[in-house]
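Here the structure comes first, spelled out in structure tokens, and everything after it is commentary.
Keep in mind that what you see is a predicted model, and the values were worked out from it rather than measured.
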Amino acid sequence: MSTNAATPIQIVIDATDPLAQARFWADALHYEVEDTTDLINRVLEAGLATRDLIHEDNGRLYWKDLVAAGDPGNAGPRLLFQRKPKAKTGKNRLHLDLNVGNDRRDGEVERLQRLGGEVLYEIDEPGGHHVTMADPEGNEFCVQ
């Protein structure tokens, strides 16, 4: 049986610091970093994990190697940041476009810079106007 319903997706992003990246992108996209405290406590109580796999921050528990951020309204995809020990060395093969519109673009770029993003370059041509930025770990994304 076939349906035409959209397939939910999760975007997985390699990171050297998953919690920091999840926080940056949660703030950038107006998402929330997922609170995994209850889940982790259940896993610890069941003896399925040890404390060395856990990071505690502001009273919340997170996996050291996996931290997610999601849209509180469940309209957008979930972002899962997974630890990779090596820093990014080449161009992204996939990047996010933040479609904020011409009237909000400059303000959004300034806000993202305050969060730790960096402007790489700006393109203003007849086909479109966008600012290419990098997140705190160097992953490129566009604001248009």
Of the non-hydrogen atoms in [X] and [Y], which two are nearest, and what is the gap between them?
{"X": "Ala28", "Y": "Arg111", "value": "O-NH2, 2.7 Å"}
{"X": "Val131", "Y": "Arg105", "value": "CG2-CD, 4.1 Å"}
{"X": "Gln144", "Y": "Asn99", "value": "NE2-OD1, 2.7 Å"}

Side-chain atoms of residues 39-48: list all donor-acceptor pairs with protein atoms under 3.5 Å, sequence neighbours left out, distances to 0.1 Å.
residue : atom : partner : partner atom : Å
Asn41   : ND2  : Thr37   : O            : 3.3

Do the side chains of [X] and [Y] join up, straight or via other hydrophobic residues, at under 4.5 Å, putting them in one cluster?
{"X": "Ile13", "Y": "Val143", "value": "yes"}
{"X": "Val100", "Y": "Val119", "value": "yes"}
{"X": "Phe24", "Y": "Leu120", "value": "no"}
{"X": "Ile11", "Y": "Val33", "value": "no"}
{"X": "Leu115", "Y": "Leu29", "value": "yes"}

*asked:* Going by the rule side chain to side chain contact (heavy atoms under 4.5 Å, CB included), which residues pair with Ile123 if we only count those two or more places apart in sequence or in a different chain?
replied: Tyr121, Glu125, His130

*Can you check whether Tyr62 reaches Ile54 side chain to side chain, under 4.5 Å on heavy atoms?*
no

Check: residues 64-83 side-chain donor-acceptor pairs under 3.5 Å, at least two apart:
residue : atom : partner : partner atom : Å
Lys64   : NZ   : Asp52   : O            : 3.0
Asp65   : OD1  : Arg83   : NE           : 2.9
Asp71   : OD1  : Gly73   : N            : 2.9
Asp71   : OD2  : Ala75   : N            : 2.8
Asp71   : OD2  : Gly76   : N            : 2.8
Arg78   : NE   : Glu34   : OE1          : 3.3
Arg78   : NE   : Glu34   : OE2          : 2.8
Arg78   : NH1  : Gln10   : OE1          : 2.4
Arg78   : NH2  : Glu34   : OE1          : 2.8
Gln82   : NE2  : Asp14   : OD1          : 2.8
Arg83   : NE   : Lys64   : O            : 3.2
Arg83   : NH1  : Thr16   : O            : 2.5
Arg83   : NH2  : Lys64   : O            : 2.6

*Nearest-0.5 Å distance that lies between atom CG in Leu19 and atom CZ in Arg23*: 4.0 Å

*Spacing of CG belonging to Asp106 relative to CZ belonging to Arg104, to within rounding of 0.5 Å*: 12.0 Å

_Quick one: does any side-chain atom of Glu140 pair with a main-chain N or O of His95 as donor and acceptor, under 3.5 Å?_
no

